[in-house]
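Only a predicted model underlies this, so the values are computations on that prediction, with no experimental measurement involved.
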Amino acid sequence: MLDPYSAFLTPGEYKEVMSQIEGNLIGLGVELWAEGSELRIVDVFRGSPAQEAGLKAGHFIMEVDGNSVLQVGAKKAADMLRGPEGSRVRLVIANGGESTVALEVVRKRVEIPSVSIAELRDGGVGYIRITNFQKTTVQEVGRAMFQLSRQGMRSLVIDLRRNPGGLLESAVELADEFLSQGGIVSTRGRN
């Protein structure tokens, strides 16, 4: 029996998680929201096949290789986006309106940034969005903070919304950069 914070992963799901922790995977280069029969693109990674094909955040994937997302469900449709490097996937995309567009995208190895946005906003507020915790997270955040400091950052917001987690060690190491005292995390196993 698993606790509420644990989940069982199939071999394919485990491979996907490990690819994300390593910071690369074979696919289209999109972050998805998959719920029920809704498969929405939340983010498109720079230099990815999805960006080259013109996919944008806010687009909805309606079909994958002729399979309707309504019929197979969003999670299964999202799984169907993965495949061997160099293989093609046929998509039908909607932008929220009535019209749809059919296109074909070639799957490639995609470098997944841990920091997807690092920008200076009004009032000298630095904004960093961390999409997941992987081996490169602490270095990416450090580089982003250095650049934002050079631009005149006076305060910082770190956005962890829609961050599914990842490598615990990286999350702890990043938290340790900001916390001067106290515990960061504790774990309990069955023993």
Side-chain angles (χ1 to χ4, degrees), residues 12-13 15-122 126-137 139-141 143-144 147-148 151 157-166:
E13 290 168 334
K15 187 176 178 183
E16 165 105 2
V17 167
M18 293 311 294
S19 292
Q20 289 181 354
I21 287 172
E22 293 293 330
N24 66 72
L25 58 81
I26 296 172
L28 306 184
V30 292
E31 181 184 344
L32 298 169
W33 172 260
E35 193 66 47
S37 61
E38 180 181 314
L39 187 55
R40 180 170 38 95
I41 298 173
V42 175
D43 198 6
V44 177
F45 301 131
R46 288 185 300 275
S48 68
Q51 185 183 45
E52 293 168 9
L55 297 176
K56 297 194 180 331
H59 283 174
F60 292 85
I61 299 176
M62 309 305 290
E63 287 184 20
V64 179
D65 283 334
N67 297 286
S68 166
V69 175
L70 284 170
Q71 292 176 339
V72 300
K75 293 193 189 304
K76 181 170 183 186
D79 288 342
M80 295 167 66
L81 296 175
R82 291 187 289 274
E85 188 168 12
S87 63
R88 297 177 177 273
V89 61
R90 289 176 290 115
L91 304 174
V92 173
I93 304 294
N95 62 8
E98 293 292 317
S99 63
T100 60
V101 175
L103 52 93
E104 197 171 74
V105 184
V106 177
R107 296 176 180 103
K108 295 180 185 172
R109 184 167 302 280
V110 177
E111 296 298 320
I112 304 168
S114 184
V115 173
S116 64
I117 301 171
E119 60 191 21
L120 192 64
R121 297 191 172 174
D122 293 340
Y127 173 83
I128 296 176
R129 178 163 186 269
I130 301 174
T131 57
N132 57 42
F133 290 101
Q134 58 193 34
K135 289 182 177 180
T136 60
T137 299
Q139 292 80 16
E140 288 183 47
V141 170
R143 281 193 303 271
Q147 291 299 326
L148 293 171
Q151 296 171 31
V157 172
I158 297 179
D159 186 350
L160 297 175
R161 292 174 296 176
R162 297 188 314 269
N163 180 323

* **Spacing of CG belonging to Asn95 relative to CZ belonging to Phe60, to within rounding of 0.5 Å** => 9.5 Å
* To do: Decide yes or no for Leu70 and Ser37: does some side-chain heavy atom of the first lie under 4.5 Å from some side-chain heavy atom of the second?
  => yes
* Asked: What is the distance from atom NZ of Lys108 to atom OG of Ser48, rounded to the nearest 0.5 Å?
  -> 9.5 Å
* **Heavy-atom pair of closest approach, residues Val106 and Pro49** => O-CB, 3.2 Å
* Asked: Taking all atoms of both residues into account, what is the closest heavy-atom pair of Gln51 and Phe45, and its distance?
  -> CB-O, 3.8 Å
* Structure fact -> To the nearest 0.5 Å, atom NZ of Lys56 lies from atom NE2 of His59 at 6.5 Å
* Kindly compute the distance separating CG (Asn163) from CZ (Phe133), expressed to the nearest 0.5 Å. => 5.0 Å
* To do: Check the surroundings of atom CE in Met62: do more than 12 heavy atoms from other residues, nucleotides or ligands lie under 6.0 Å from it?
  => no
* Do you know which two heavy atoms are closest between Val105 and Ala53, and how far apart they sit? -> CG2-CB, 3.8 Å
* Structure fact -> Closest non-hydrogen atoms of Leu39 and Ala34, given as atom of the first, atom of the second and distance, are CD1-CB, 3.8 Å
* Asp43 side chain near Val30 side chain, heavy-atom distance below 4.5 Å -> no
* **Nearest atoms (heavy-atom pairs only) where Gly126 meets Leu148** => CA-CD1, 4.1 Å
* **Which atom of Leu32 lies closest to which atom of Val42, heavy atoms considered** => C-CG2, 3.9 Å
* Looking at side-chain heavy atoms only, is the closest gap between Val89 and Val64 below 4.5 Å? -> yes
* Output all residues satisfying side-chain contact (heavy atoms from CB on, under 4.5 Å) with Ser87, sequence neighbours left out; order by chain, then residue number. => Pro84, Arg107
* Is Asp159 reaching over with its side chain to a backbone N or O of Ile128, donor-acceptor style, under 3.5 angstrom? -> no
* Spacing of Gln134 atom CD and Ile112 atom CD1 [to the nearest 0.5 Å] -> 6.5 Å
* Looking at Lys75, Lys76, Arg82, which one forms a side-chain hydrogen bond (donor to acceptor under 3.5 Å, both in side chains) with Asp79? -> Arg82
* **Straight-line distance of Ile117 CD1 to Ile130 CD1, nearest 0.5 Å** => 11.5 Å
* Contact check, side chains of Ile93 and Ile61, non-hydrogen atoms, under 4.5 Å -> yes
* Does Arg129 have any side chain to side chain donor-acceptor pair (under 3.5 Å) partners at least two apart in sequence or in another chain, and if so, which? -> Glu31, Ser116
* Are more than 12 heavy atoms from other residues, nucleotides or ligands located less than 6.0 Å from atom CD of Glu104? -> yes
* To do: Could you tell me whether the side chain of Leu91 reaches within less than 4.5 Å of the side chain of Leu55, counting heavy atoms only?
  => yes
